[in-house]
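The next block holds one structure in the form of structure tokens; read it before the comments.
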Protein chains: 2
Amino acid sequence: MEFRIDRSSGLPAYLQLVRQVREALRLGWLGPGDRLPTVRDVVARSGVNANTVLKAYRELELSGLVEARQGSGTFIKAGLGSTDPEVMAALRARLAEWVREAREAGLDIEDIDALVRSVLAADEDGNQITAGDGVAVL
Amino acid sequence: MEFRIDRSSGLPAYLQLVRQVREALRLGWLGPGDRLPTVRDVVARSGVNANTVLKAYRELELSGLVEARQGSGTFIKAGLGSTDPEVMAALRARLAEWVREAREAGLDIEDIDALVRSVLAADEDGNQITAGDGVAVL
DNA sequence: CAAAGTGTTCTAGTCAACTAAGACACTAGA
DNA sequence: TCTAGTGTCTTAGTTGACTAGAACACTTTG
């Protein structure tokens, strides 16, 4: 497991860590029994403070995804991704192809990002009732 | 132009505003001469403080995208999206189709999001030298 | 001119995120 | 048993995001 902390993104570091673990679980890169990098490991390599890492790990523990064993490490407790890895790989391949097409059409990363976000937002609106949960639409 | 402020996302409100204006420019929804919602408008509808909105608009102004005219409003100064609208629409349609497939395969929004992010991250790594710019890879 | 609507500034304060450095408690392995 | 590696806690402090409320400056319209 490798973390990427982007300090310029505006998103709090501990949330970036949480998100990345969750994503790794979604994608099947991590599964029950796997050990996360040690707190000191993350600290040493990213410069993030130990308390920040701890906060991320604690949040993951509270949501039941990991289990911290003092003296030994932090381990994945439950999985998240329920999708067949092969299906996942196929979808991934087709998405990668779409990205390639977009790039060939001259779009840069930000263009692609904007497009993706707008499509996902539209999809979310059409399929789920999320209004009210802290989301204001004006 | 409609803004969506998601207080639970962890991303500062003013950055959400900035991002949404930039995205609208990328997608061609906004162009030079268009007027952004007034500061008081955003305040009234979202509950965000005037200073927060102002901070977002100021950031957009600093990057040369909008122009604030005191007493009259804030207007788009320059465009961002350079891509042909038709090409954009085509790409959008194909992406929407991909999303539909993903949903049919049983993926939920978070699965899709994780997949998209990982593909985009891989793409970015392969095509651009972004190391060093505040991004730590561990 | 007057009024309404616009961006702008100010002061004061709260809260979350993060840093810093150290100490403690527990576990696994030599 | 000792030691290195682990998670955990404590205290103290800095910074940025945000809120609150008010006032000011300017433009447009009637």
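Heavy-atom basis, side chains included; hydrogens, waters and symmetry copies ignored. Residue numbers begin at 1 in each chain, while the letters A, B, ... track the order of the sequences.
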Item to check | Check: Arg26(A) side chain, Asp113(B) main-chain N or O, donor-acceptor pair, under 3.5 Å | outcome: no
Next on the checklist: Distance check needed: dT6(C) C1' versus Glu67(B) CD, whole Å only.
Outcome noted: 14 Å
Next on the checklist: Let's see if you get this right: which residues in residues 30-39 of chain B place a heavy atom under 4.0 Å from DNA chain D?
Outcome noted: none
Checklist entry - In whole angstroms, how far is the P atom of dT6(C) from the CZ atom of Arg58(B)? => result 18 Å
Checklist outcome for this item: Per side-chain contact (heavy atoms from CB on, under 4.5 Å), Tyr57(B) is matched among Leu17(B), Thr38(B), Val39(B) by Val39(B)
Checklist entry - Judged by atom type as modelled, is there a donor-acceptor pair below 3.5 Å linking the side chain of Glu59(A) to the main-chain atoms of Val18(A)? => result no
Item to check | Approximate separation, where rounding is to 0.5 Å, of Leu95(A) CG and Arg100(A) CZ | outcome: 10.5 Å
Distances for protein N or O near nucleotides 12-22 of chain C N or O, under 3.5 Å:
residue, atom, partner, partner atom, Å
dA17(C), OP1, Tyr14(A), OH, 2.9
dA17(C), OP2, Lys55(A), NZ, 2.7
dC18(C), OP1, Ala13(A), N, 2.3
dT19(C), OP1, Arg7(A), NH2, 2.8
dT19(C), OP2, Asn49(A), N, 3.0
dT19(C), OP2, Thr52(A), OG1, 3.2
dA20(C), N7, Asn49(A), ND2, 3.2
dA20(C), N6, Asn51(A), ND2, 2.9

Checklist entry - Side chain of Arg22(B), backbone of Leu65(B): donor and acceptor closer than 3.5 Å? => result no
Checklist entry - How many angstroms lie between atom CG of Asp6(B) and atom CG of Leu11(B), to the nearest 0.5 angstrom? => result 9.0 Å
Checklist outcome for this item: In the 5' to 3' direction, the nucleotides of DNA chain D bounding the stretch that comes under 4.0 Å of a heavy atom in chain A are dG5(D) to dT10(D)
Checklist entry - Do you know which of Thr52(A), Val48(A), Val53(A) makes side-chain contact (heavy atoms from CB on, under 4.5 Å) with Tyr14(A)? => result Thr52(A)
Nucleotide N/O of nucleotides 24-27 of chain C paired with protein N/O under 3.5 Å:
residue, atom, partner, partner atom, Å
dA25(C), N3, Gln70(A), OE1, 3.1

Review item, side-chain donor-acceptor pairs of residues 83-94 of chain B, under 3.5 Å, at least two apart:
residue, atom, partner, partner atom, Å
Asp84(B), OD1, Glu86(B), N, 3.2
Arg92(B), NH1, Ser118(A), OG, 2.8
Arg92(B), NH2, Ser118(A), OG, 3.2
Arg94(B), NH1, Glu101(A), OE1, 3.1
Arg94(B), NH2, Glu101(A), OE2, 3.4

Next on the checklist: With each end axis built from five pairs of C1' atoms, what bend angle do you get for the helix from dC1(C)-dG30(D) to dA30(C)-dT1(D)? Round to 10°.
Outcome noted: 30°
Next on the checklist: For Asp123(B) and Arg103(A): C-alpha separation, side-chain torsions, deciding distance, then whether side chain to side chain contact (heavy atoms under 4.5 Å, CB included) applies.
Outcome noted: CA-CA 10 Å; Asp123(B) 184 72; Arg103(A) 294 218 86 121; 2.3 Å; yes
Checklist entry - Do Leu27(A) and Val99(B) sit in the same hydrophobic cluster, where Ile, Leu, Val, Met, Phe, Trp and Tyr count as joined when their side-chain heavy atoms come under 4.5 Å apart? => result yes
Next on the checklist: Could you measure the distance from the CZ atom of Arg58(A) to the OG1 atom of Thr74(A)? Nearest 0.5 Å is fine.
Outcome noted: 11.0 Å
Next on the checklist: Test of understanding: clusters of I, L, V, M, F, W, Y form through side-chain heavy atoms closer than 4.5 Å, transitively. Do Leu115(A) and Leu120(A) belong to the same one?
Outcome noted: yes
Item to check | Intermediate values then yes/no, side chain to side chain contact (heavy atoms under 4.5 Å, CB included), Trp98(A) and Val116(A) | outcome: CA-CA 11 Å; Trp98(A) 179 88; Val116(A) 165; 4.1 Å; yes
